[in-house]
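The next block holds one structure in the form of C-alpha cells; read it before the comments.
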2 protein chains.
Amino acid sequence: MKRKITLKDIAKELDVSISTVSKSLKNNPEIGEDTRQKVQAFAKLYNYKPNNIAVSLLNQRTKHIALIIPEITHDFFTTVLKGVEEVAHHKGYNVLVCVSNESFEKEVLSIEMFAQGGIVDGFIISLSKETQLKEDYKHLIEVENQGMPLVMIDRVTDKVISDKVIVDDMRGAYTGVSHFIERGCRRIALITTQDHISVGYLRKEGYKKALADHVLPVEEQLMVAIDQVDTAEDQIADLVNNQEFDAVLGVNEYFSVIAMKLLQEQGKRIPQDVAIIGFSDGKLLKYATPSITAVDQHGDEIGRAAAGMLIERLESSKQDENYRTTVIPTSLIERESTLGKQD
Amino acid sequence: MKRKITLKDIAKELDVSISTVSKSLKNNPEIGEDTRQKVQAFAKLYNYKPNNIAVSLLNQRTKHIALIIPEITHDFFTTVLKGVEEVAHHKGYNVLVCVSNESFEKEVLSIEMFAQGGIVDGFIISLSKETQLKEDYKHLIEVENQGMPLVMIDRVTDKVISDKVIVDDMRGAYTGVSHFIERGCRRIALITTQDHISVGYLRKEGYKKALADHVLPVEEQLMVAIDQVDTAEDQIADLVNNQEFDAVLGVNEYFSVIAMKLLQEQGKRIPQDVAIIGFSDGKLLKYATPSITAVDQHGDEIGRAAAGMLIERLESSKQDENYRTTVIPTSLIERESTLGKQD
DNA sequence: TTGTATGCGTTATCAA
DNA sequence: TTGATAACGCATACAA
C-alpha cells in the first residue's frame, strides 16, 4: 500500500526545498528550467497530486456543493441531480447529495452540518413539503447570513431572498389545459397537491386561468388536492367514481398514472373518453399504455442552470446583491393520451 | 455576513490559550471545571463547530465516501443511493455521487480525482457497461493499492479482489422462470443484455437452469440479447413478431415494459396469453397496466449493506484481508402480469 | 490546571 | 534562482 506522495517527499528525494517543488509544479517562472523539468518529471513518475484537503484549508473553500432534494424516487429530481453533477464536475466541483425525505428536521440538520463544518461552499435546495407547510426558513436565512451562496430550485419561497431556478409551473398547466380544450375537452379535472406546496398551487392557478380564458367554468368538484401519498389512490378513485369529466391533468407522474389506471378499470378509453396529461419528464408517463402526454419540466436544465448560477456566485469576488430568478419554460410532449379527439 | 468562529477567536475572546479551548470543548478533565464551563458556554453561544477541513487534514480522513453509479435514471440505482446515503449519514459520513453514464473514461477520471486528491476515504462502485466490456480494471486496483477501501456492488468482477454486495441474480431469474412454469407457461422468452454485463449473464444462466431443472428445452430463438439501448425496441419487436411464447422475462424494467407494450399492440392479453416478469424494484413495473410481477433486487438494502461494509472497513484499524461478498436475495413481487393462468 | 510547540500539506511572501 | 517561514484550524505531546 503506497502512501500518497507529498511535496515534502519530492523535496527530500530531489534534495530541494518544498517551495521549490511547489513552484516548479505550478510552472512558476521563478524556478530554473532544469529544476522545473526535474521536479515535474519526478512528480509525474510518482503520480503526484496536490492534497485537496490542504488546499481547501488554505483557500477556505472545498469546491464541494450540496444538493438537497426532498425525494429521489421522483424522476424529476433524479434528472436535476444529473444536470447539477454535469455542470459541477465540468467546473471542478463535487456534489454532495442529501435526500431530506420531505422532512423538515432532516433538511435542517443536513444544512447545518454542511454549513457549519465548512463541508461545502454552497447549496442547491428544493424545499421539503414539511418545510413549506411550516414556513420556517430560518436555516436557509442562516446559511445566507454566513455568506454561503444558496440557489433554490423548483419548490421555492418568497420568504428567502436568493438565486432561484424555477419551472414555469403556471404556464405549464395553462398549456396543458389549453391543449385539452383545443382537442374538444370541456370538463377538465385537476389532481393537485395541497396549496402550501408552491408548485402545486401555481399549477392550479394556471389551470384556472386557462379555463377562465376559454370561458369555461372552474368547478370545485373537479379539483382534488391530495393530502398524503398514501391517500392518493382513494382520493383519485373518489374523483373518478363520482364525477364526469373528459380530461384530467395531474401535477405529477403518479397522480396521472393512477388516474389512468382507475379510469381504465372503469372501462373508459384513453384518450377517446378521457384525455390525460401529467407533469414531469419521467419514464412513468413515457412508458405507460397508452403513453401519457407530459408537461416536461426539464429537470436536467434546471440542475444545470442552478449549478451554473451557484458556481458563478462562488467564483465571482464581487458581493453582488442582485439575486436572479431563472424560469425554465416547460414544453408539452404530446403522446397517445391526448390524441384522437381531434386528430 | 458572520465569519465562522474558530478556536482562536474563542481563545482570544476569553483570554486563554487555544489548547485550553480545544480541551475544554472535548471535556478533557485536565481542564478546570469553571474554565471548561466558561468556554463551553461561549462556544455554544457563538455556535462554534470545528472546521471539518482542518480536522480532515489532521486525521487524514475526510469522512466522505464516493458512490459511483453507471446511471441515475434506473430506479435500482436510485434506491441504492438512498440506502447508501441513509447509512452514511447515520454514521457521520457524507456521500459524493458520480454518474459514470456507462462510460469507462468518466469512471476512471472520477475515481482518479476522488482518490488522488484525498477527497474521499473510500468507494462504492457499480461498473459501467464499457468497463465491463473492456475488462480494464486498473483504476480500481490502483485504488486498492493506495489503501483505499472499495466496495463493488451489483455489476462486479472477479478480476478485482474487494468487498462486494451483489444481487442473487441467478436465483432471481431462476425463481421468476419457475414461477412462470408453475403457472403453466412452457415457452418462456428471455430479454437480456450482452454477456459481458455480469448481471445479464448471470440472469441468463438462472433462466437456463430453471428450464433445465423443469425438463424444458432452452431455445436460442427465444433469447434475445439487447445490443444497445436504442436498438432495444426493434430487437424486442423482432422477438414478439417472429416467435411464439407464453411468458417473457426481462432483465430490467425497460425491456419488460417495452415487451408488454408491443405484445398488447399485437392484441395479446396479459397475462392470459403471455405472462410477464421484469427485474428491478422500480415504479415502471408497479404502475404499468396491468402491473408487472417483479424480481425485487432490494436496491436500498444493497446500498445500506455496501455503506455498512465500507464504513466498517474504514473504521477498523486492523488490515483485514478477508474480503467478503454479501449476497442480497431477491424476492418476487407478484402482480397482475402473472396472475390468472392458475389462479 | 494551563500554555507552548509541532504537525497535517499546501501556497505565498519575503529573504537570501 | 532558490529557500525559509508563516498561515489555514485543529489536536496533542509535552513543558510549565
Practice item. List the steps and the verdict of side-chain contact (heavy atoms from CB on, under 4.5 Å) for L127(B) and Y137(B). Key: CA-CA 10 Å; L127(B) 296 170; Y137(B) 307 114; 3.9 Å; yes
Review point. Stepwise, does the side-chain contact (heavy atoms from CB on, under 4.5 Å) test hold for H298(A) with R304(A)?
Key: CA-CA 10 Å; H298(A) 301 290; R304(A) 284 196 293 265; over 6 Å; no
Exercise for review: Show your working on side-chain contact (heavy atoms from CB on, under 4.5 Å) between T131(A) and L140(A) and close with a plain yes or no.
Suggested key: CA-CA 11 Å; T131(A) 308; L140(A) 300 176; 5.6 Å; no
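Whole-Å rounding puts the K8(A) NZ to dA4(D) C1' distance at 15 Å. For K26(B) and dG9(D), the NZ to C1' distance is 12 Å, given to the nearest whole Å. Distance CG (N27(B)) to P (dA11(D)): 13 Å, rounded to an integer number of Å. Nucleotide dC8(D) holds its P atom 18 Å from the CG atom of D121(A), rounded to whole Å. Taking atom CG of residue L25(B) and atom C1' of nucleotide dC10(D), one finds them 11 Å apart after rounding to whole Å. The CZ-C1' distance, from R61(B) to dC10(D), rounds to 16 Å in whole Å.
The aromatic rings of F104(B) and H139(B) sit perpendicular, their planes meeting at an angle over 60°, well past the 30° parallel limit.
Pairing each heavy atom of I65(A) with each of A88(A), the nearest pair is CD1-CB, 4.1 Å. Taking both residues in full, the closest heavy atoms of L57(B) and I53(A) are given as N-CG2, 3.6 Å, listed atom of the first, atom of the second, then distance. Taking each heavy atom of C98(A) and H89(B) in turn, the nearest pair found is SG-CE1, 3.6 Å.
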Detail all sub-3.5 Å separations between protein N/O atoms and N/O atoms belonging to nucleotides 14-16 of chain D.
none

Can you give me every donor-acceptor pair (side chain of residues 111-121 of chain A, partner residue at least two apart or in another chain, under 3.5 Å) with its distance?
unit_1  : atom_1 : unit_2 : atom_2 : d
Q116(A) : OE1    : K49(B) : NZ     : 3.2
D121(A) : OD1    : T62(A) : N      : 2.8
D121(A) : OD1    : T62(A) : OG1    : 3.1
D121(A) : OD2    : T62(A) : N      : 3.2
D121(A) : OD2    : K63(A) : N      : 2.7

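Residues F76(B) and V80(B) are in side-chain contact: their nearest non-hydrogen atoms beyond the backbone lie under 4.5 Å apart.
Within the 3.5 Å criterion, the main-chain N or O of I153(B) finds a donor-acceptor partner in the side chain of S126(B). Side-chain atoms of S128(A) do not come within 3.5 Å of backbone N or O of N101(A) as any donor-acceptor pair. Side-chain N or O atoms of E85(A) include none that pairs as donor or acceptor with a backbone N or O of V95(A) at under 3.5 Å. K106(B) places a side-chain N or O within donor-acceptor distance of the main-chain N or O of V99(B), the cut-off being under 3.5 Å.
The existence of a salt bridge linking R155(B) and E102(B) is confirmed by a sub-4.0 Å separation between a basic side-chain nitrogen and an acidic carboxylate oxygen.
Nucleotides of DNA chain C with any atom under 4.0 Å from a heavy atom of chain A span, from 5' to 3', dC8(C) to dC14(C).
If you check the side chains of R61(A) and Y93(A), you find a donor sitting under 3.5 Å from an acceptor. Donor-acceptor pairing under 3.5 Å is lacking for the side chains of E135(B) and T157(B).
A rotation axis mapping the C1' atoms of four pairs onto the next four is fitted at both ends of the helix from dT1(C)-dA16(D) to dA16(C)-dT1(D) over five pairs, and the angle between these axes is 60° to 10 degrees.
Where Q60(B) and P29(B) each meet DNA chain C at their nearest nucleotide, the meeting point lying more 5' is that of P29(B).
Taken residue by residue, residues 45-59 of chain A places heavy atoms nearer than 4.0 Å to DNA chain D at L57(A), L58(A). Heavy-atom distances under 4.0 Å link DNA chain D to V16(A), S17(A), S19(A), T20(A) of residues 14-22 of chain A, given in residue order.
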